[in-house]
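One structure below.
Every heavy atom of this structure was used, including side-chain atoms; hydrogens, water molecules and symmetry mates were not. Every chain is numbered from 1 and lettered A, B, ... according to where its sequence line falls, protein lines coming before strand lines.
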Amino acid sequence: MTQDAAVATAASRRLSLEEIVSYCRRRGFIYQASEIYGGINGFWDFGPMGAELKRNIKQTWWEDMVTRHNPLVAPAGTPSPFEMTGIDSSIIQHPQTWRVSGHSDLFSDMMVDCHETKKRYRFDHLAGRWIKDREGNPLFIAAAPDAPDADAFLDQRARKLLGISKSREVVWDSPLTDLAELDDFANVLAPHASEKGTLTEPREFNLMFKTYIGAMQTAADAAFLRPETAQGIFLNFRNVLDSGRFALPLGIAQIGKSFRNEITPRHFIFRSREFEQMEMEFFCPPETSHQWYKYWQQRRLDWYLDLGLRRENIRVREHEASELSHYALGTTDIEYAYPFMADGEFGELEGIANRGAFDLNSHSMGRLAKADPPELALDENGAPLHRGSGKNMVYNDVARGEKYVPYVIEPAAGADRALLAFLCDALEIEKLGEGGGEDSERAVLHIHPRLAPVKAAIFPLVKKEGMPEAARDLFGAMKRKWNVTYDEKGSIGRRYRRADEVGVPVCITIDDETISQGTVTVRDRDTLEQQRIKLDDCPAYLDKLIEG
RNA sequence: GCGGGUAUAGCUUAGUGGUAAAGCUCCAGCCUUCCAAGCUGGCUAUGCGGGUUCGAUUCCCGCUACCCGCUCCA
């Protein structure tokens, strides 16, 4: 850190991603998974500090979303009071869950990529016809899978490419042929390309981790690690309603691990293959859904701001209609200016979506195709593509005197991304101009006390005159309620710096006045200011610091 | 997935075809009464696997991981 500080020119500065990674490793926040075996791409382990920080982030989210919620009062801007609760569902669910949700189709197929246009096609959706090019060489023109009329599309492509006038008929050398019947793609012209031979070999493209239930491991036993926690909530919607005496509007929250076989894990823990989500599904009457959507956008933004993220580093971005997922009526991203993003660019922190009744209807009727309103996806025989459970998802709203399938607002946050954002935002190298005349730097993590891995550090000023004994007594008492540390090694200044670097909000120092008058000094991490308080007031002081 | 770069101690660096060096950190001891003091001592490293060589941390090949730029991102 001395080296880093030496290149600092401003009064304080933010760190690069490499410096953040180095810091996380050095101070016990995050290590590369399986590091002693050379590491494993896309996986990370949380060390002593990181585990505490992540636990605090999750706990703060859970408290603010679920346990501290008052269901008797309607917050400003909402149509009504509402209830909040939580579940913890299984990582492995019935495979039909992912077929109906759309994740199987989207996440697992043989795909071919086009080098030229960068488009990706499902291998089994591509077909085309053979023809002779201008030099008389064989050329396979592939049709766009989404073209309404493949023959018309192919004729048009051939006329344009080979200069065949409208008065002449296009003469093909073959009927419509699946790409799968070709030995290689060297003579294949991709649907949107200008040159042939731009397609890759078909590659399996499965973003869900596959496993097997039972020891036999046959194809019929295949199961998947969840790619999102949300579906576990939809599957249990009826259970929660039936067993909990809840009425809508109702939010069901869940925190847990999810798994995606990302093609390119990147940027430290920003995109990893195993990650933790904090998701909530808010079930409400359809006609109020937009109002709730707006409410949750603001409330989720406020959560990050209240916990100290700088406003200038956060952006709220509403998706364009063309960006929307197959299920969403509206989606807003809360984005953060991560240090690996270019200046002025932001990366996703949390998404808030209005999913309509898509999920509940899907799990009732079967996989829905994107349409307005959504309709059942059918296979070539007209049967449902993926059958739903057949269970009734209609809610009988006695208070409103109507029955409906609830609409769902989903704030879906990444716990790891939140952790990364809080770290990046809070970590600074500060230049302290004063102090003995020489330039002095300190690394300090200005993390919110609620999130701080260690809440307080307790020091005896020196190791004599009864100070260690008094400090240990205080430490023992505080430890019952908070994660506090005791340190008597090194000079007092060195101990302050060590505490600053891992974001300890306050250092409590025992000195000779503690022994004679029962007072201690509390030193603030951010202002460096000290004040003297009564020894007995330490718990109340810390409680106020954390909870405000 | 493509291209470029990197890999020596916990961190930041040095160096060498023949016993791997330093500063910081950390630990122990002495000292120390409020912001990284000082003294003494100590622990700890060439990412993994091949090849060339009498001998490889150094040269070559492969792999892995990380960083940067594209690509992708339910």
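- Contact annotation: side chain of A:Arg27 to base of B:rG10, donor-acceptor pair absent below 3.5 Å.
- Between A:Asp500 and A:Arg523, at least one side-chain nitrogen of the basic residue sits less than 4.0 Å from a carboxylate oxygen of the acidic one, meeting the salt-bridge criterion.
- Applying the 4.0 Å criterion to OP1 and OP2 of B:rC35, one finds that A:Arg494 has every side-chain N and O outside that range.
- With both ends at atom P, the span from B:rU19 to B:rA56 equals 12 Å, rounded to whole Å.
- Residue A:Ile429 contributes atom CD1, which lies 13 Å from atom C1' of B:rU12 at whole-angstrom precision.
- Of the listed residues (A:Tyr407, A:Phe283, A:Phe282), just one forms a ring pair (Phe, Tyr, Trp, His ring centres under 6.0 Å) with A:Trp292, and that residue is A:Phe282.
- The base of B:rC72 lies outside donor-acceptor range of the side chain of A:Thr264, with no N or O pair under 3.5 Å.
- In this entry the distance linking OH of A:Tyr338 with P of B:rC67 reads 15 Å, nearest Å.
- Of the C1' atoms belonging to B:rG17 and B:rG3, the separation is 33 Å, rounded to the nearest Å.
- The pair A:Arg532-A:Asp511 meets the salt-bridge criterion, with a side-chain N (NZ, NE, NH1 or NH2) lying under 4.0 Å from an Asp/Glu carboxylate O.
- For the OP1/OP2 pair of B:rU32 and a distance below 4.0 Å, the side-chain nitrogens and oxygens of A:Ser491 include no atom meeting the criterion.
- OP1 or OP2 of B:rC68 lies within a sub-4.0 Å distance of a side-chain N or O belonging to A:His267.
- The phosphate of B:rU64 has neither OP1 nor OP2 within less than 4.0 Å of any side-chain N or O from A:Asn41.
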